[in-house]
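Before any comments, here is the structure.
Atoms considered below: every heavy atom in the structure, side chains included; atoms not considered: hydrogens, waters and symmetry mates.
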Amino acid sequence: SQALGQDLKSSAIQLGKALNDPISGMTALRRVGVSFTEQQVEQVTAMQKSGDLMGAQTLILEELEKEENAALSFLMADIDHFKKINDTYGHQAGDSVLESVSNLFKDNCRKTDILCRYGGEEFLIIFRGAKIKDAKFGAEKLRKAVNDFKFVHNHHEIPVTISVGIAEISIGKEKVSDTIARADAA
């Protein structure tokens, strides 16, 4: 029993490393505690290596949904006008903004929240045990943290804001991907 627990913990660590994003430093398993079989670890690792990060994240989210009994809310955040930041200040500035926003998210989320870079300038945050009103509070906290932060790259101050959408999943009645789509559209 103890050996099995260690194997699952080891698998979760391997899976987290497999999904590490070098710019944001986020993984889809940040402080999660979801158990995965060795086969699932191999499947997600293969997806990640082939560039199917969304498929890997979906697999993780489906496992989370199976284990979650309490409320579960999703937040999709986009960095506003990110292409303009890259075009105006350069891609290194864009990477710096991504890294800074990631750090602000990490600093302003609970230890139980799951953070991941969803693609490009999009982030997905899963608020575990949070109903929609709690997620709204978390979303406003993140929006304010980004709005109040002074982004500077090569002596240029870069104006950065985010847009967020949130949705609470109806466990057993809705797929995770549908909830994420609702949050993204909100």
Side-chain angles (χ1 to χ4, degrees), residues 13-32 44-61 64 73-128 130 134-167 176-177 179-186:
I13 290 168
Q14 288 175 329
L15 189 55
K17 287 179 182 174
L19 294 175
N20 188 45
D21 175 62
I23 295 174
S24 67
M26 291 181 176
T27 69
L29 287 182
R30 182 177 177 262
R31 301 181 185 134
V32 178
V44 170
T45 301
M47 287 175 161
Q48 188 270 339
K49 286 181 180 175
S50 71
D52 186 12
L53 187 58
M54 298 242 190
Q57 290 175 347
T58 299
L59 179 69
I60 290 168
L61 294 173
L64 178 64
S73 293
F74 294 79
L75 175 142
M76 288 294 296
D78 291 318
I79 299 174
D80 297 328
H81 313 293
F82 188 72
K83 183 180 179 335
K84 184 177 179 183
I85 292 171
N86 276 337
D87 292 346
T88 304
Y89 303 99
H91 289 276
Q92 287 180 336
D95 287 351
S96 177
V97 167
L98 284 171
E99 185 177 356
S100 295
V101 168
S102 300
N103 288 331
L104 287 169
F105 285 177
K106 290 174 198 173
D107 291 345
N108 286 281
C109 283
R110 305 169 305 167
K111 290 182 178 182
T112 57
D113 297 334
I114 303 168
L115 311 170
C116 49
R117 184 165 166 215
Y118 201 67
E121 74 283 0
E122 291 183 302
F123 296 87
L124 171 67
I125 301 173
I126 305 167
F127 295 110
R128 294 178 78 178
D134 302 316
K136 285 179 181 177
F137 176 80
E140 180 55 24
K141 183 177 177 183
L142 294 173
R143 191 205 58 76
K144 185 171 176 7
V146 171
N147 194 57
D148 292 349
F149 188 80
K150 186 176 180 180
F151 294 87
V152 177
H153 183 77
N154 288 341
H155 309 292
H156 296 284
E157 188 170 338
I158 303 172
V160 178
T161 58
I162 60 170
S163 297
V164 299
I166 53 176
V176 168
S177 58
T179 308
I180 292 172
R182 283 194 302 114
D184 199 23

Inset, instruction - Check whether the side chains of Ser163 and Asp78 place a donor and an acceptor atom closer than 3.5 Å, and report yes or no. - result: no

Inset, instruction - Give a yes or no on whether His153 atom NE2 has more than 12 heavy-atom contacts from other residues, nucleotides or ligands under 6.0 Å away. - result: yes

Legend entry - Heavy-atom pair with the smallest gap, counting every atom of Ile162 and Ile79: CG2-CA, 4.2 Å

Legend entry - side-chain contact (heavy atoms from CB on, under 4.5 Å) evaluation trace for Phe74 with Asp184: CA-CA 9 Å; Phe74 294 79; Asp184 199 23; over 6 Å; no

Legend entry - Set of residues satisfying ring-ring contact (aromatic ring centres under 6.0 Å, His included) with respect to Phe149, sequence neighbours excluded: Phe151

Which atom pairs, one a donor and one an acceptor, fall under 3.5 Å between side chains of residues 134-147 and the rest of the protein, sequence neighbours left out?
unit_1, atom_1, unit_2, atom_2, d
Asp134, OD2, Lys131, N, 3.3
Glu140, OE1, Arg143, NE, 3.0
Glu140, OE2, Arg143, NE, 3.4
Glu140, OE2, Arg143, NH2, 2.6
Lys144, NZ, Asp148, OD2, 2.6

Legend entry - Distance, nearest 0.5 Å, that separates CE of Met76 from CD1 of Ile125: 10.0 Å

Inset, instruction - Return the minimal non-hydrogen interatomic distance between Leu115 and Cys109, and the atom names on each side. - result: CD2-SG, 3.4 Å

Inset, instruction - Sorted by first residue and then second, give each side-chain hydrogen bond (donor to acceptor under 3.5 Å, both in side chains) pair with at least one member in residues 83-94; sequence neighbours left out. - result: Lys83-Asp87

Legend entry - Between CG on residue Asp113 and CZ on residue Phe105, distance to nearest 0.5 Å: 12.0 Å

Inset, instruction - State, with a plain yes or no, whether a side-chain heavy atom of Phe123 is found less than 4.5 Å away from one of Val164. - result: no

Legend entry - Main-chain N/O of Asp80 paired with Thr161 side-chain donor or acceptor, under 3.5 Å: no

